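This report refers to the structure that appears directly beneath it.
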Amino acid sequence: LGDISLLRAASKVRIRLGSAMQQQGYKISGASLNKYNELGYCLPTAWSSSTNTLQLYQEGCFRPFGSAVSTPLPFSVNNSGTEAVIYMPEFASQGVSDPITLTLTDGKGATDNYKLQFKNYVGGLAGETSFDIVRNHIYEYNISGITTGNELVLTCVVQPWIPREE
């Protein structure tokens with residue numbers, strides 16, 4: 001058959017605790033998506049006019065379904081509390097404040113809630129411009145610390161969701 005290029009209808013959002021946070025005893029005790037599309041299109045824009053699915057990897061195939069809800073949707077947290085994952089359809093996040101709530105527990109059992117944005121982070125702080133959640137991409141938050149002002153120090157990396165063979 002040759003190569004078959006598949007395009008996922010969803011995106012993946014992953015939150016990870018860095019090794020320094022883990023060594024200090026922090027764990028992810030919960031995370032929720034606060035605003036998202038409840039439904040999504042299986043097929044991207046221009047699917048019927050393309051001759052190869054590789055053409056659909058471009059940002060121009062963005063096709064969010066207008067079905068936004070605000071009922072918190074929980075992430076799946078792994079047993080060690082070091083990673084939380086959720087899969088979601090495309091979402092136009094411009095103007096949405098605090099789309100993700102993250103709950104961390106420290107080594108003494110105290111919990112705190114933090115808000116994450118769909119934005120680029122510079123020096124651990126969210127930038128001004130939101131980005132849309134696009135199918136077939138991974139949005140990965142890596143938390144490396146907490147400032148004395150109780151702000152998370154993190155990065156958010158967005159990349160195409162391409163399987164890696166190791």
Side-chain angles (χ1 to χ4, degrees), residues 6-40 59 62 64-166:
L6 300 177
L7 185 64
R8 294 169 185 85
S11 62
K12 181 178 186 177
V13 180
R14 179 173 32 214
I15 303 168
R16 288 185 171 160
L17 289 182
S19 59
M21 294 287 289
Q22 292 176 40
Q23 290 170 359
Q24 294 173 31
Y26 282 93
K27 293 186 184 271
I28 298 173
S29 51
S32 63
L33 197 56
N34 301 321
K35 187 142 187 180
Y36 53 92
N37 279 333
E38 191 173 38
L39 303 171
E59 297 293 326
F62 182 61
F65 192 93
S67 59
V69 294
S70 298
T71 303
L73 185 64
F75 279 63
S76 175
V77 180
N78 68 0
N79 290 336
S80 62
T82 59
E83 182 175 285
V85 174
I86 197 165
Y87 299 88
M88 61 184 290
E90 292 181 304
F91 181 64
S93 64
Q94 301 294 324
V96 174
S97 62
D98 305 330
I100 298 173
T101 299
L102 173 68
T103 305
L104 294 180
T105 303
D106 66 15
K108 299 174 186 172
T111 61
D112 266 318
N113 289 323
Y114 300 91
K115 303 296 184 182
L116 301 179
Q117 310 294 325
F118 291 126
K119 296 181 177 183
N120 288 325
Y121 281 77
V122 178
L125 301 174
E128 292 295 318
T129 307
S130 298
F131 48 76
D132 293 327
I133 304 304
V134 180
R135 71 176 64 229
N136 210 51
H137 282 71
I138 297 175
Y139 298 81
E140 188 166 88
Y141 294 88
N142 295 299
I143 302 169
S144 57
I146 299 177
T147 66
T148 54
N150 206 30
E151 296 289 327
L152 292 178
V153 178
L154 62 98
T155 59
C156 182
V157 177
V158 180
Q159 56 193 357
W161 191 355
I162 300 171
R164 294 190 179 109
E165 295 180 22
E166 296 179 17

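Keep in mind it's a predicted model, so treat the numbers as computed, not measured.
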Do E90 and V134 have side-chain heavy atoms sitting under 4.5 Å apart?
yes
Let me confirm one number: the CG-CD distance from L73 to E38, rounded to the nearest 0.5 Å.
9.0 Å
Take a 6.0 Å sphere around NZ of K35 and say whether it holds more than 12 heavy atoms from other residues, nucleotides or ligands.
no
Which atom names give the shortest non-hydrogen contact between I28 and I15, and what distance separates them?
CD1-O, 3.7 Å
May I ask you to test the L33-I100 pair for a side-chain heavy-atom distance under 4.5 Å?
yes
If you define the side chain from C-beta out and look only at heavy atoms, does anything of F91 sit under 4.5 Å from D132?
no
N/O donor-acceptor pair under 3.5 Å between S67 side chain and L39 backbone
yes
Can you say whether the rings of F118 and Y139 are parallel (under 30°), tilted (30 to 60°) or perpendicular (over 60°)?
perpendicular
Are the side chains of L102 and F75 in touch, meaning some heavy atoms are under 4.5 Å apart?
no
What are the two closest heavy atoms between S29 and T111, and how far apart are they?
OG-CG2, 4.3 Å
State whether a side-chain donor-acceptor pair under 3.5 Å links K115 with T101.
yes
Output the distance between atom CD1 (I138) and atom NZ (K12), rounded to the nearest 0.5 Å.
5.5 Å
Of all heavy-atom pairs linking A84 and V77, the shortest is CB-CG2, 4.0 Å
If you measure from CD on Q117 to OG on S130, what distance do you get to the nearest 0.5 Å?
7.0 Å
Does Q24 have more than 12 heavy atoms from other residues, nucleotides or ligands lying within 6.0 Å of its CD?
yes
Atom pair CG (N120) and OG1 (T129), whose distance is rounded to the nearest 0.5 Å
8.0 Å
Heavy-atom closest contact (N37 atom, A68 atom, distance)
OD1-N, 3.3 Å
N34 versus S32, side-chain donor and acceptor atoms under 3.5 Å:
yes
Is there side-chain contact between T82 and M21, with heavy atoms separated by less than 4.5 Å?
no
Tell me, please, which residues at least two apart from E83 pass salt bridge (charged side-chain N to carboxylate O under 4.0 Å, His left out).
R16
Answer yes or no: are there more than 12 heavy-atom neighbours, outside Q94 itself, under 6.0 Å from its atom CD?
yes
Restricting to non-hydrogen atoms, name the atom on Y26 and the atom on L104 that form the minimum distance, rounded to 0.1 Å.
CD2-CB, 4.4 Å
For R135 versus A9, what's the shortest heavy-atom pair and its separation?
NH1-CA, 3.4 Å
Which salt bridge (charged side-chain N to carboxylate O under 4.0 Å, His left out) pairs, counting each pair once, include a residue from residues 65-79, with sequence neighbours left out?
none
Do L116 and Y121 have side chains that approach each other closer than 4.5 Å (heavy atoms only, starting at C-beta)?
yes
Inter-residue atom distance Y141.OH - L154.CG, 0.5 Å rounding
8.0 Å
Spacing of S80 atom OG and Q22 atom CD [to the nearest 0.5 Å]
6.5 Å
